[in-house]
Trainee: 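Let me give you the structure first, and then I'll get to my questions.
Sequential numbering from 1 along the given sequence is applied to the chain's residues. Only this structure's heavy atoms are used, side chains among them; waters, hydrogens and symmetry mates stay out.
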Amino acid sequence: MLEAVRDFAELTGALIGVKVAGGIRSAKDAIKYLVIVNETVGEAWLDPSMFRFGASGLLNDLLRQRSNSSVAPMRGVRISASNE
């Protein structure tokens with residue numbers, strides 16, 4: 001599909017976005033897709049307006065990893081739930 005999108009862009013100059021879904025269950029899967037997108041259609045597609053994941057399993061994995069993370073926030077960065 002990405003090759004067809006690339007070829008269409010080369011022929012017409014029109015950039016068509018892509019949304020992948022199904023089988024993307026982990027952050028590792030997502031990284032693989034990002035590499036494929038970059039190598040096939042280029043960096044312009046590494047933008048939310050051009051490339052999206054449609055995978056609730058991926059969201060669950062990312063949330064799980066975030067809750068298990070032991071990485072401290074960067075010094076000087078304040079994280080707040082309020083809208084100040």
Side-chain angles (χ1 to χ4, degrees):
M1 180 60 79
L2 289 169
E3 290 173 349
V5 168
R6 178 197 59 212
D7 294 347
F8 183 78
E10 289 174 358
L11 284 172
T12 67
L15 304 181
I16 305 297
V18 177
K19 178 181 176 183
V20 295
I24 307 162
R25 303 204 185 287
S26 70
K28 285 184 181 181
D29 294 336
I31 290 170
K32 290 175 189 176
Y33 272 93
L34 291 172
V35 169
I36 292 168
V37 167
N38 189 46
E39 290 179 352
T40 305
V41 290
E43 193 174 333
W45 270 266
L46 295 178
D47 182 274
S49 66
M50 298 301 296
F51 180 74
R52 297 186 306 141
F53 293 107
S56 59
L58 172 59
L59 176 60
N60 292 336
D61 182 59
L62 292 172
L63 292 173
R64 181 189 55 77
Q65 287 187 39
R66 183 172 184 225
S67 68
N68 292 338
S69 176
S70 62
V71 177
M74 293 186 304
R75 178 176 286 155
V77 175
R78 190 172 140 220
I79 300 172
S80 173
S82 64
N83 292 331
E84 297 177 7

Trainee: Does Leu59 sit in a hydrophobic cluster with other residues, and if so which ones, taking ILVMFWY side chains as linked at heavy-atom separations under 4.5 Å, directly or through other members?
Mentor: Leu63
Trainee: Identify the heavy atoms of Gly54 and Ala21 that sit nearest to each other, and give their distance.
Mentor: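 Gly54 and Ala21 have their closest heavy atoms at O-CB, 3.0 Å.
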Trainee: Can you sort out the partners of Asn38 under side chain to side chain contact (heavy atoms under 4.5 Å, CB included), two or more places apart, ordered by chain and number?
Mentor: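 Checked Asn38 against side chain to side chain contact (heavy atoms under 4.5 Å, CB included); matches are Glu43, Leu46.
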Trainee: Heavy atoms only: give me the nearest Ile24-Ala30 pair and the separation to one decimal.
Mentor: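 Heavy atoms of Ile24 and Ala30 come nearest at CG2-N, 4.1 Å.
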Trainee: By side chain to side chain contact (heavy atoms under 4.5 Å, CB included), which residues pair with Ile16, not counting sequence neighbours?
Mentor: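 Ile16: side chain to side chain contact (heavy atoms under 4.5 Å, CB included) contacts with Val5, Phe8.
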Trainee: Please lay out, stage by stage, how Met50 and Val18 fare under the test side-chain contact (heavy atoms from CB on, under 4.5 Å).
Mentor: CA-CA 6 Å; Met50 298 301 296; Val18 177; over 6 Å; no
Trainee: Quick one: CD1 on Ile36 to CD on Glu3, what's the gap to the nearest 0.5 Å?
Mentor: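 Those atoms lie 10.5 Å apart.
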Trainee: Considering only residues two or more places apart or on different chains, which pairs with a residue in residues 44-65 satisfy salt bridge (Lys or Arg N to Asp or Glu O under 4.0 Å)?
Mentor: Asp61-Arg64
Trainee: Would you mind listing every ring pair (Phe, Tyr, Trp, His ring centres under 6.0 Å) that reaches into residues 16-65, with sequence neighbours excluded?
Mentor: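 Pairs touching residues 16-65 that pass the test: Phe51-Phe53.
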Trainee: Which side chain to side chain donor-acceptor pair (under 3.5 Å) pairs, counting each pair once, include a residue from residues 4-28, with sequence neighbours left out?
Mentor: Ser26-Asp29
